[in-house]
Amino acid sequence: MTAIHTGNGIAYADGLEELLRSHANAEQAASMEAYMRNQFSFLGIRNPERTALVKQYMKERGVPAGAELETAVRRLWLLPEREFPYTALMLLEKRKKDLRAEQTELLEFLITTQAWWDTVDMIASHLAGTLFAKHPELVPAFPEKWIASDNLWLRRSAILFQLGYKERTDAALLFALITRTAREGDFFMRKAIGWALREYGKTDPEAVRAFVREHELSPLSVREALKHIGA
């Protein structure tokens with residue numbers, strides 16, 4: 001069981017910042033930034049090393065909960081180097097079973113701030129997916145709000161939040177959301193559509209084949225959807 005941190009959320013985040021900055025590697029940072037198309041700055045800490053550092057920190061200091069967790073997450077999220085949002089997501093992953101209905105606001109902030117696929121996909125599939133499974137009363141409102149948004153990453157999250165649901169997937173909802181975005185030209189949306197269909201195809205391949213046959217999807221979405229089940 002993860003220890004509960006009882007200190008200050010700001011101090012907790014500041015301690016993590018100090019720890020990670022002490023392991024910065026400028027040479028590695030340049031290659032990591034290039035891999036991410038220079039969208040963000042990096043400290044240059046590879047994922048295995050960063051994960052080990054943060055796990056040890058959490059072991060020693062516990063993991064904040066409630067308002068302190070949200071304070072720490074928001075503070076880390078706004079730091080310029082990408083390792084800090086990744087660390088914030090590690091904290092939330094530890095506490096995802098404790099997510100409360102009102103924390104949809106926090107998830108929306110994370111999805112739309114300093115957003116790219118590397119953070120959004122985990123938020124959608126792990127955090128939003130867990131929150132909506134725990135609070136199904138949120139589902140009629142929030143995926144609808146997100147799919148109707150002008151924000152690409154909210155729309156992508158609406159498509160992806162059921163990725164891990166398997167037989168619990170609301171197929172009618174998934175197909176309806178995809179139908180509304182099927183003609184979008186953005187690569188990230190087309191990829192998300194194919195990914196979501198591919199995952200659901202592991203549970204109901206015939207439903208996915210039928211949906212692909214009956215709807216006009218991009219070649220990328222079709223290719224991804226049928227990758228493991230065939231046409």
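Any value given below was found using the heavy atoms of this structure, including those in side chains, with hydrogens, waters and symmetry copies removed.
Among residues two or more places apart in sequence or in another chain, the side-chain contact (heavy atoms from CB on, under 4.5 Å) test is passed with T169 by Q162, Y165, L174, Y200. In terms of the side-chain hydrogen bond (donor to acceptor under 3.5 Å, both in side chains) criterion, residue partners of E216 (sequence neighbours excluded) are, by chain and number, R183. Considering only residues two or more places apart in sequence or on other chains, T71 meets the side-chain contact (heavy atoms from CB on, under 4.5 Å) condition with I10. Residues satisfying the side-chain hydrogen bond (donor to acceptor under 3.5 Å, both in side chains) test with E27, not counting sequence neighbours, are none. For R213, the side-chain hydrogen bond (donor to acceptor under 3.5 Å, both in side chains) partners two or more places apart in sequence, or in a different chain, are E206. For K202, the side-chain hydrogen bond (donor to acceptor under 3.5 Å, both in side chains) partners are E199, not counting sequence neighbours. F132 is linked by a ring-ring contact (aromatic ring centres under 6.0 Å, His included) to W146, F161, counting only residues two or more places apart in sequence or in another chain.
Smallest separation of non-hydrogen atoms from A72 and P64: CB-CG, 4.4 Å. Of all the heavy atoms in A225 and V208, the pair that sits closest is O-CG1, 4.3 Å. Pairing each heavy atom of S157 with each of V120, the nearest pair is OG-CG1, 3.5 Å. Considering all non-hydrogen atoms of both residues, L177 and T181 come closest at O-OG1, 3.1 Å. Closest heavy-atom contact between G44 and Q28: O-NE2, 2.6 Å. Scanning all heavy atoms of the two residues, the minimum distance from I147 to A158 falls at CD1-CB, 3.8 Å.
A salt bridge does not link R190 with E224: none of the charged nitrogens is closer than 4.0 Å to a carboxylate oxygen.
Atom NZ of K55 sits in a sparse spot, with 12 or fewer heavy atoms from other residues, nucleotides or ligands closer than 6.0 Å. Shown here is E105, whose CD atom has no more than 12 heavy atoms of other residues, nucleotides or ligands within 6.0 Å. For K166, the NZ atom is loosely surrounded, since the number of other residues' heavy atoms within 6.0 Å does not exceed 12. The 12-atom threshold is not exceeded at CD of E18, counting heavy atoms of other residues, nucleotides or ligands nearer than 6.0 Å.
Side-chain N or O atoms of K191 include none that pairs as donor or acceptor with a backbone N or O of S221 at under 3.5 Å. Distance alone, capped at 3.5 Å, places no donor-acceptor pair between the K94 side chain and the V63 backbone. E70 places no side-chain N or O within donor-acceptor distance of the main-chain N or O of A67, the cut-off being under 3.5 Å.
Within the model, atoms OG1 of T112 and CG of D150 stand 12.5 Å from one another, a figure rounded to the nearest 0.5 Å. A distance of 11.5 Å separates CD1 in I123 from CD in E93, rounded to the nearest 0.5 Å. The distance from the CD atom of E83 to the CD1 atom of I45 is 5.0 Å, given to the nearest 0.5 Å. Taking CE of M58 as the reference point, atom CG of L53 lies at 11.0 Å (rounded to 0.5 Å). Atom OG1 of T179 sits about 10.0 Å away from atom CD of E214, to the nearest 0.5 Å. The line from OG of S149 to CZ of F142 is 12.5 Å long, rounded to the nearest 0.5 Å.
Counting heavy atoms from C-beta on, the side chains of F188 and W117 come closer than 4.5 Å. Using a 4.5 Å heavy-atom cutoff, the side chains of D186 and L152 are in contact. Counting heavy atoms from C-beta outward, V73 and L110 have side chains that approach closer than 4.5 Å. Using a 4.5 Å cut-off on side-chain heavy atoms (C-beta onward), I178 and L217 make contact. No side-chain heavy atom of T119 sits under 4.5 Å from any side-chain heavy atom of Q114. Contact annotation: the side chain of E17 never approaches that of R75 to less than 4.5 Å [non-hydrogen atoms, C-beta and beyond]. With contacts defined as side-chain heavy-atom distances shorter than 4.5 Å, the pair H23/L43 does not qualify. Counting heavy atoms from C-beta outward, T113 and L78 have side chains that approach closer than 4.5 Å.
Judged as a salt bridge (Lys or Arg N to Asp or Glu O under 4.0 Å), not a single pair has a partner in residues 40-52 (not counting sequence neighbours). Sorted by first and then second residue, the pairs that involve residues 204-229 and meet ring-ring contact (aromatic ring centres under 6.0 Å, His included), not counting sequence neighbours, are F175-F211, F211-H215. Among residue pairs with one or both ends in residues 167-180, those qualifying as salt bridge (Lys or Arg N to Asp or Glu O under 4.0 Å) are E144-R180; sequence neighbours excluded. Sorted by first then second residue, the salt bridge (Lys or Arg N to Asp or Glu O under 4.0 Å) pairs that include residues 114-130, not counting sequence neighbours, are R82-D118, D121-R156. Listed by first and then second residue, the ring-ring contact (aromatic ring centres under 6.0 Å, His included) pairs involving residues 28-74 are Y12-Y57 (not counting sequence neighbours).
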inquiry  = Between W116 and R37, does the side chain to side chain contact (heavy atoms under 4.5 Å, CB included) criterion hold? Intermediate values first, please.
reply    = CA-CA 11 Å; W116 216 36; R37 300 182 185 178; 3.9 Å; yes
request  = Take L16 and L91 through the test side chain to side chain contact (heavy atoms under 4.5 Å, CB included) and record every step on the way to the result.
outcome  = CA-CA 11 Å; L16 275 168; L91 299 178; 4.2 Å; yes
request  = Please lay out, stage by stage, how L92 and L106 fare under the test side chain to side chain contact (heavy atoms under 4.5 Å, CB included).
outcome  = CA-CA 11 Å; L92 283 171; L106 172 63; 4.3 Å; yes
